[in-house]
Peer 1: 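Sharing a structure, written as structure tokens. Questions coming.
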Amino acid sequence: MRLTFVTSTASRDADTDLPLLVDAAHAREIDAAISVWDDPDVAWGDFDLVVVRSCWDYLARREEFLAWAATVPRIANPADVLAWNTDKAYLRQLADAGVPVIPTQWDVAPGDDLGPYTEWVVKPSISAGSRDTARWTSPDDVYAHSADLQAEGRTAMVQPYISSVDAEGETAILSIGGQFSHAICKEALLLPGEGIRQDRDGREVITARKPTSDQLAVAKAALDAIEPAMGTRVDLLYSRVDLVTGPHGEPLVIELELTEPSLFLHTHADAPARLIAAAEEAVRSR
């Protein structure tokens, strides 16, 4: 069996999951490589499974990235999932399906009602790693940031800043091969009042976390909503559901990561082997 884990040139050394996955594959006597998605010399058809991992440069080249994914004969997660998931407009479909999603407004304009909140987060619908994302306390800043994104031809999202994040961070629920694998805590990233569209690099603090039954239930509801939203059967090798705690203690989905999420494999010793086993099963089932 031949596997390759796909990254970008700049992310190859930054993705701490990659060496753990290669080592886990070699421990099972599986031929595993690391490849760069836009390397023209890679023969993707030679692999039994191409596992998309840290193609973190796709933001500026999304159409090119999706076109590449569509040409790979055996890719995980599937190319149609990548196309659906790389635009956070999918949150609308999750909300329509009854999944508890953080309240979101789209392409707000000056004078629009921003709701009964005192802080907001503004971000583009196509983004990753908190790029072009900021936390604001002034409606004028919210409107200006939204206008800037729209002027660039991007969809602007406005969400209330959930204050519980400052105390308890975010919870990420990670599943491998369709089964819950592990969970982690991400400490607060966006500082109040900075007015800076921050990148996460060097700022993220990650620890293992035991999820609550309510968090697991909401994560499952989000994953169960994917197939109806896409209108097709979906087989996921991995998934990550990012949650925050709402004002009444309820878990709220802020993001559904199916494309290139960090899986934080270092926080759970058996997680790399679990993903390799799931990859083997995916190959056998095909």
Side-chain angles (χ1 to χ4, degrees), residues 1-26 30-88 123-133 152-154 172 174 176 184 186 189 196-206 236-240 242 255 257-267 271-272 275-276 279 282:
M1 186 179 296
R2 295 192 67 201
L3 304 178
T4 191
F5 304 104
V6 189
T7 185
S8 64
T9 299
S11 304
R12 184 169 188 147
D13 294 331
D15 183 357
T16 57
D17 286 340
L18 288 177
L20 299 177
L21 288 170
V22 171
D23 288 347
H26 290 168
I30 294 173
D31 184 0
I34 298 173
S35 304
V36 174
W37 73 270
D38 57 354
D39 183 346
D41 295 326
V42 178
W44 301 105
D46 290 348
F47 296 102
D48 295 295
L49 191 65
V50 173
V51 182
V52 176
R53 290 308 312 120
S54 45
C55 305
W56 295 331
D57 62 349
Y58 82 87
L59 291 175
R61 307 160 60 193
R62 178 171 177 258
E63 294 308 316
E64 182 182 351
F65 171 70
L66 295 178
W68 162 78
T71 68
V72 179
R74 294 171 292 278
I75 188 170
N77 283 326
D80 56 349
V81 170
L82 306 186
W84 180 79
N85 184 240
T86 50
D87 188 332
K88 293 180 181 62
K123 66 181 76 170
S125 69
I126 299 175
S127 70
S130 299
R131 293 176 180 87
D132 296 326
T133 298
E152 296 170 357
R154 305 163 83 182
L174 295 112
I176 293 174
I184 59 95
K186 296 191 292 180
L189 178 65
I196 299 173
R197 294 144 174 81
Q198 301 165 2
D199 290 341
R200 70 180 180 187
D201 296 342
R203 298 268 314 260
E204 209 164 44
V205 179
I206 305 296
L236 299 176
L237 180 63
Y238 55 78
S239 65
R240 196 181 97 196
D242 291 347
E255 195 159 354
E257 299 256 23
L258 310 176
T259 302
E260 31 60 86
S262 293
L263 299 177
F264 309 114
L265 299 177
H266 67 281
T267 65
L275 192 141
I276 298 302

Peer 1: Which atom names give the shortest non-hydrogen contact between A32 and A25, and what distance separates them?
Peer 2: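 In terms of heavy atoms, the two residues are closest at CB-CB, 3.5 Å.
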Peer 1: Could you check W56 against S262 for side chain to side chain contact (heavy atoms under 4.5 Å, CB included), going step by step and ending with a plain yes or no?
Peer 2: CA-CA 10 Å; W56 295 331; S262 293; 3.6 Å; yes
Peer 1: Roughly how far apart are D87 CG and R62 CZ, rounded to 0.5 Å?
Peer 2: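 Rounded to the nearest 0.5 Å, the CG-CZ separation comes to 5.5 Å.
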Peer 1: Ignoring hydrogens, what is the shortest heavy-atom contact between L21 and P272? Give both atom names and the distance.
Peer 2: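 Heavy atoms only, the tightest pair is CD2-O, 4.1 Å.
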Peer 1: Keeping T133 on the side-chain end and K123 on the backbone end, is there a donor-acceptor pair under 3.5 Å?
Peer 2: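 It does not hold such a pair.
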Peer 1: Considering only heavy atoms from C-beta outward, does the side chain of T86 approach that of I126 to under 4.5 Å?
Peer 2: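 Counting from C-beta outward, T86 and I126 never come under 4.5 Å.
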Peer 1: Going through the distances and angles, do D38 and W68 end up as a side chain to side chain contact (heavy atoms under 4.5 Å, CB included)?
Peer 2: CA-CA 8 Å; D38 57 354; W68 162 78; over 6 Å; no
Peer 1: Could you report the tightest heavy-atom contact between I206 and K186, atom names first, then the distance?
Peer 2: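 Closest heavy-atom pair between I206 and K186: CD1-CG, 3.3 Å.
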Peer 1: With a 4.5 Å cut-off on side-chain heavy atoms, are L82 and L66 touching?
Peer 2: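 A side-chain contact exists here, since the closest heavy-atom pair is under 4.5 Å.
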Peer 1: Treating D242 as the side-chain partner and E255 as the backbone partner, does any N or O pair qualify as donor plus acceptor under 3.5 Å?
Peer 2: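 Not at all, since once roles are kept as given, no pair shorter than 3.5 Å links the two residues.
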Peer 1: For V6 versus V50, what's the shortest heavy-atom pair and its separation?
Peer 2: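 Scanning both residues, the minimum pair turns out to be CG2-CG1, 3.2 Å.
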Peer 1: Please walk me through it: do I75 and V52 pass side chain to side chain contact (heavy atoms under 4.5 Å, CB included)?
Peer 2: CA-CA 7 Å; I75 188 170; V52 176; 3.7 Å; yes
Peer 1: Is a side-chain donor or acceptor of D48 paired with a backbone partner of R2 at a separation under 3.5 angstrom?
Peer 2: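 Side chain of D48 to backbone of R2, a donor-acceptor pair under 3.5 Å: yes, one is there.
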Peer 1: What is the minimum heavy-atom distance between I276 and L3, and which atoms define it?
Peer 2: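 Closest approach of I276 to L3, heavy atoms only: CD1-CD1, 4.4 Å.
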Peer 1: Strictly distance-based, threshold 3.5 Å: is any side-chain N or O of R53 a donor or acceptor partner for the main-chain N or O of P261?
Peer 2: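 Yes.
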Peer 1: Side chain of R74, backbone of W44: donor and acceptor closer than 3.5 Å?
Peer 2: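 Not confirmed, R74 side chain does not pair with W44 backbone.
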Peer 1: Working to the nearest 0.5 Å, report the span between CG of L174 and OG1 of T267.
Peer 2: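 With rounding to 0.5 Å, CG (L174) is 7.5 Å from OG1 (T267).
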Peer 1: Please state whether the rings of H266 and F264 are parallel, tilted or perpendicular, taking 30° and 60° as the class boundaries.
Peer 2: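 It falls in the perpendicular class, over 60°.
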Peer 1: Between N77 and Y238, is there a side-chain heavy-atom distance shorter than 4.5 Å?
Peer 2: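 Yes, their side chains come closer than 4.5 Å.
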Peer 1: Are a donor atom and an acceptor atom from the side chains of W37 and D57 found within less than 3.5 Å of each other?
Peer 2: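 On atom types as modelled, these side chains qualify, holding a pair under 3.5 Å.
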Peer 1: Hey, is the main chain of S54 close enough, under 3.5 Å, to the side chain of T7 for a donor-acceptor pair?
Peer 2: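 Checked: pair present.
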Peer 1: Calculate, to the nearest 0.5 Å, the distance between atoms CG and CG belonging to D31 and D46 respectively.
Peer 2: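 Taking CG in D31 and CG in D46, the distance rounds to 10.5 Å.
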Peer 1: To the nearest 0.5 Å, what is the distance between CG (D15) and OG (S8)?
Peer 2: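 D15 atom CG to S8 atom OG measures 9.0 Å (nearest 0.5 Å).
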Peer 1: Is there a donor-acceptor pair under 3.5 Å between the side chain of R240 and the backbone N or O of L263?
Peer 2: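 No; zero donor-acceptor contacts below 3.5 Å.
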Peer 1: Give the minimum heavy-atom separation between S127 and Y58, together with the two atoms involved.
Peer 2: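 Closest approach of S127 to Y58, heavy atoms only: O-OH, 4.2 Å.
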